[in-house]
Every structure is written in C-alpha cells, then in structure tokens.
Amino acid sequence: MSSRCVTLFGLMGAGKTAVGEALADTIGYDFIDTDDLIIERAGKSIPEIFQQDGEKEFRRIECEVITDVGAKMGQVIATGGGAIMNAQNRALLGRIGLTVYLKASAHELYQRIKNANDRPLLNGVENPKERLQTLLDEREQFYLEADIIIDTEDLAVEEVTDRLIDELARLTQGDG
Ligand code: S3P
C-alpha cells in the first residue's frame, strides 16, 4: 500500500475512531481523529464549543484542522460526522488518498450511541433516532461518494477492519 491517507466518513456511531485506530495499527500508519484536534485547538470539549461558541465556530475550527491534517501523508483520519458537508473538506480529503464510508442505519447508530452524552447535535433532542435519520438523509449523498463503502450494520469493529483492509489491498494493488 502506498503512503496516501485513508479517511473515514460516517455518522456518529459509525465506528470511525475504533476502526480507524485498528486499521492504523495494522497498516502502520499514524491515527488522527479530527474531533480530538478540534478539542485540543479550542481548549474545550465539543459540547462546550457548541454551547459557548456555536456550531458555526465548531465547523470553522473543523475545516482549519482538516486543512492542517491534509498536509501530511501516511495517516488514517477519522472525521466528525458533519465534516463531509463542507465542500473544501470533501475536496481535500478526496485528494490526499482514499475515502471510506462506514455505513449503518439510523436505528443501529442510535443503539450504539444512545448512552453517550458527548454529541451536542443529539443532546436534549426529543427524538434522537429521528434526528439521526434526518442527518443521514442530508449527508448520505456525500458519504456515498467515498471510494470504499462498508456496511457495518451487524459487524463488530474487527470484522469491519478486516473487510476494509481487504478492500484497500484490492484498490491499491500495483500502487507500489
Ligand atoms: C458531529 C459529529 C461528531 C462531532 C460533532 C458534530 C456531526 O463526531 O464532530 O459532535 O455533525 O455529526 P463523531 O461523528 O465522531 O461523533
């Protein structure tokens, strides 16, 4: 496999961080989670950024972080679920390597994240499952543009990672 980046897309709960870490470990790449870099840069948690500065400011920092991250090769990059909505993010992440959509239904995503409280887009929302479906409806057209799509619905992290490694090997055959 060449030293281009692998970027993981998908909604909250898709497994971007867990699969990204496992993949990076296996292929010997650095792992980067853009949410972590945003927290570091802002000096506060994601719910605090949303609450104190608003979503617009969060998206501005997210775009800044992705621009910086894109300057380095040989990384597995887990993005926040909404990063795909910014055309500049999409163009950059598409240019620096292969993109992967970790697909799952709103029902399954909700089961995976219903006990977490670090997603401001779902906190305090009356029907979080419906909100996830709305976000999926808005975003999936862009997620589906990824080079690799893995249906994670009934799969464990290890199974998703194995499938992804197979797909990457297939796509990069002969890349040197
Ligand atoms: C968001 C997803 C979150 C985080 C922020 C906004 C979104 O990341 O970036 O809460 O817009 O879907 P994860 O997808 O890693 O949960």
Side-chain angles (χ1 to χ4, degrees), residues 5-24 30-70 75-90 92-94 99-146 148-153 155-157 160-161 164:
C5 293
V6 179
T7 299
L8 304 179
F9 290 128
L11 222 54
M12 298 166 250
K16 294 163 292 187
T17 302
V19 171
E21 278 175 345
L23 174 69
D30 289 337
F31 173 73
I32 304 279
D33 187 319
T34 59
D35 280 345
D36 288 345
L37 297 181
I38 294 168
I39 293 166
E40 216 172 90
R41 191 162 298 199
K44 47 183 133 176
S45 71
I46 291 180
E48 281 169 343
I49 304 172
F50 269 73
Q51 204 177 22
Q52 296 169 15
D53 312 312
E55 180 171 354
K56 200 166 165 211
E57 174 62 4
F58 174 82
R59 298 296 173 201
R60 191 194 64 74
I61 306 173
E62 183 172 57
C63 187
E64 211 174 80
V65 158
I66 288 175
T67 305
D68 290 354
V69 160
Q75 306 175 102
V76 175
I77 304 166
T79 57
I84 196 88
M85 297 307 282
N86 176 300
Q88 190 180 318
N89 294 342
R90 284 200 299 276
L92 178 91
L93 295 166
T99 53
V100 181
Y101 171 32
L102 299 182
K103 186 175 161 65
S105 68
H107 174 78
E108 171 64 20
L109 294 165
Y110 178 67
Q111 297 309 315
R112 293 181 194 169
I113 64 173
K114 64 182 176 193
N115 296 322
N117 61 357
D118 56 348
R119 264 72 173 217
L121 290 180
L122 299 182
N123 290 354
V125 170
E126 202 175 311
N127 189 336
K129 207 202 274 188
E130 209 169 83
R131 177 83 178 114
L132 278 168
Q133 185 61 59
T134 305
L135 290 170
L136 195 54
D137 292 344
E138 282 168 14
R139 295 171 177 179
E140 197 164 44
Q141 55 178 317
F142 298 116
Y143 291 148
L144 289 171
E145 288 175 6
I148 297 172
I149 297 170
I150 308 226
D151 188 346
T152 72
E153 192 78 5
L155 300 184
V157 168
V160 176
T161 310
L164 179 50

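For ligands, and for the atoms within them, numbers begin at 1 and follow the listed sequence.
- At a 3.5 angstrom cut-off on N or O pairs, T79 does not count as close to ligand 1.
- A salt bridge links R41 with D68: the distance from a Lys NZ or Arg NE/NH1/NH2 to an Asp or Glu carboxylate oxygen falls below 4.0 Å.
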Go through T99 and E145 one step at a time and tell me if the side chain to side chain contact (heavy atoms under 4.5 Å, CB included) criterion holds. CA-CA 8 Å; T99 53; E145 288 175 6; over 6 Å; no
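- Every atom of ligand 1 with a heavy atom of D35 under 4.0 Å away is listed here by number and element: 3 (C), 4 (C), 8 (O), 9 (O), 13 (P), 15 (O).
- Residue E55 places no heavy atom under 4.0 Å from ligand 1.
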Does K103 form a side chain to side chain contact (heavy atoms under 4.5 Å, CB included) with E140? I'd like the steps, not just the answer. CA-CA 9 Å; K103 186 175 161 65; E140 197 164 44; 3.1 Å; yes
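- Considering only non-hydrogen protein atoms, atom 16 (O) of ligand 1 sits nearest to R119 NE, 2.9 Å.
- Looking at L121 against ligand 1, only its side chain comes within 4.0 Å, counting heavy atoms.
- For ligand 1, the atoms closer than 4.0 angstrom to any heavy atom of G80 are 8 (O), 9 (O), 14 (O).
- In terms of polar-atom proximity, defined here as any N/O pair under 3.5 Å, F50 makes no such contact with ligand 1.
- Of the candidates L93, I77, D30, C5 forms a side-chain contact (heavy atoms from CB on, under 4.5 Å) with just one, namely I77.
- Around CD of E130, the count of heavy atoms belonging to other residues, nucleotides or ligands within 6.0 Å does not exceed 12.
- Among all non-hydrogen protein atoms, the one lying nearest atom 12 (O) of ligand 1 is R139 NH1, 2.7 Å.
- T34 and E62 share no donor-acceptor pair across their side chains, judged by distance under 3.5 Å alone.
- Taking every non-hydrogen atom of R59 and a distance limit under 4.0 Å, the qualifying atoms of ligand 1 come out as 6 (C), 7 (C), 11 (O).
- Summarising the local packing, CD of Q51 is surrounded by 12 or fewer heavy atoms from other residues, nucleotides or ligands at distances under 6.0 Å.
- For atom 2 (C) of ligand 1, the closest heavy atom belonging to the protein is G81 N, 3.4 Å.
- Taking atom 5 (C) of ligand 1 as the reference point, the nearest protein heavy-atom neighbour is F58 CZ, 3.8 Å.
- Using modelled atom types, one side-chain atom of T79 and one backbone atom of L8 make a donor-acceptor pair closer than 3.5 Å.
- In terms of protein heavy-atom proximity, atom 14 (O) of ligand 1 is nearest to K16 NZ, 2.4 Å.
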